[in-house]
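Comments concern the structure below.
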Amino acid sequence: MLFANGAVKLLRRAGDQGVMRRIIFMLTCCWLGIGLAGCDHTLRQAAVVAPVEPPGGDPVQEPTDVKYYPSDEPVRLGLEHFNRGSYGLANRYFRDAVEKSPKDVTAWVGLAASYDRIRRFDLADQAYAQAIRLGGETVQVLNDQGYSYMLRGNLSAARRKFEKAYSLDPGNPVIANNLELLNGSRRFIERPPNNQP
């Protein structure tokens, strides 16, 4: 403390503010260095005393001990992104799902629908074919195929798929809505014969 008071008096006499600031800065750095050196010593001691073994036994498992539990996480994320309208991300997750579980019909149908939305109809047809091989021509697959054909502009193929799906489940409101949408599209496209160029 006497040293600090003496240094301050010396600096006041000098009258140079720049020198005073430099000396105060150097003193502050020294005090911080001393304080940090004490902390470093304490941290080193704590590291030596800390327990080395993790609680609960050996964390390493043998390959024969590990059991596979299939997860629906890729399908769940694919559906979530599809419903948000992020069809590229949905496609990525559905592809991951069919790679991990190639017999999952839901993943194949989701993959096909996401391919439809990114306009990769060739890949959508392959995914629909795989879904049909695994689960047959279900109402959902037929409805989705009809919607795929409608997106392509092939309205007659779309009508065939929608009508087949409707015959299997006549009370399904989604199929009825798609047929209405298809009928509206047909009326919009068709023109009377006298209106031809």
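Along the sequence shown, the residues carry numbers beginning at 1. The analysis underlying the following values was restricted to heavy atoms, covering all of them including side chains, and did not include hydrogens, waters or symmetry mates.
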Within the distance-only criterion (no hydrogens, no angle test), does the side chain of [X] pair as donor or acceptor with the backbone N or O of [Y] below 3.5 angstrom?
X      : Y      : value
Ser148 : Asp144 : no
Asn83  : Leu79  : yes
Trp108 : Pro102 : yes

Search all heavy atoms of [X] against all heavy atoms of [Y] and return the closest pair with its distance.
X      : Y      : value
Ala127 : Ala112 : CB-CB, 3.5 Å
Ser114 : Phe94  : OG-CD1, 4.1 Å
Gly135 : Val105 : N-CG2, 4.0 Å
Leu179 : Glu163 : CD2-CG, 4.4 Å
Met150 : Ala158 : N-CB, 3.7 Å
Ile118 : Gly88  : CG2-N, 4.1 Å

Check: Sequence neighbours excluded, which residues qualify as side-chain contact (heavy atoms from CB on, under 4.5 Å) partners of Leu168?
Finding: Val139, Leu142

Notebook entry, point to check: Of Gln140, Arg160, Lys161, which is the lone residue that meets side-chain contact (heavy atoms from CB on, under 4.5 Å) with Gln145?
Noted result: Lys161

Quick one: [atom1] on [X] to [atom2] on [Y], what's the gap to the nearest 0.5 Å?
X      : Y      : atom1 : atom2 : answer
Asn177 : Phe162 : CG    : CZ    : 9.0 Å
Arg119 : Leu151 : CZ    : CG    : 6.5 Å
Ile175 : Lys164 : CD1   : NZ    : 12.5 Å
Thr106 : Arg76  : OG1   : CZ    : 15.0 Å

Note to self: Check this for me: Arg117, atom CZ, are more than 12 non-hydrogen atoms of other residues, nucleotides or ligands nearer than 6.0 Å?
What the structure shows: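 Result for CZ/Arg117: enclosed.
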
Checklist line | Tyr87 and Phe82 aromatic ring geometry - parallel, tilted or perpendicular at 30°/60° bounds | finding: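 Phe82 and Tyr87: perpendicular rings.
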
Margin query: Please determine whether residues Leu134 and Ile132 belong to a single hydrophobic cluster, defined as Ile, Leu, Val, Met, Phe, Trp and Tyr linked transitively by side-chain heavy-atom distances below 4.5 Å.
Written below: yes

Next item on the list: Would you kindly confirm whether Val109 and Tyr115 end up in one hydrophobic cluster when ILVMFWY residues are joined by side chain heavy atoms under 4.5 Å apart?
Entry: yes

[X] side chain near [Y] side chain, heavy-atom distance below 4.5 Å:
X      : Y      : answer
Asp116 : Phe121 : yes
Tyr166 : Asn178 : no
Leu77  : Arg92  : no

Check: So does Arg95 pair up with Glu99, basic N to acidic O under 4.0 Å?
Finding: no

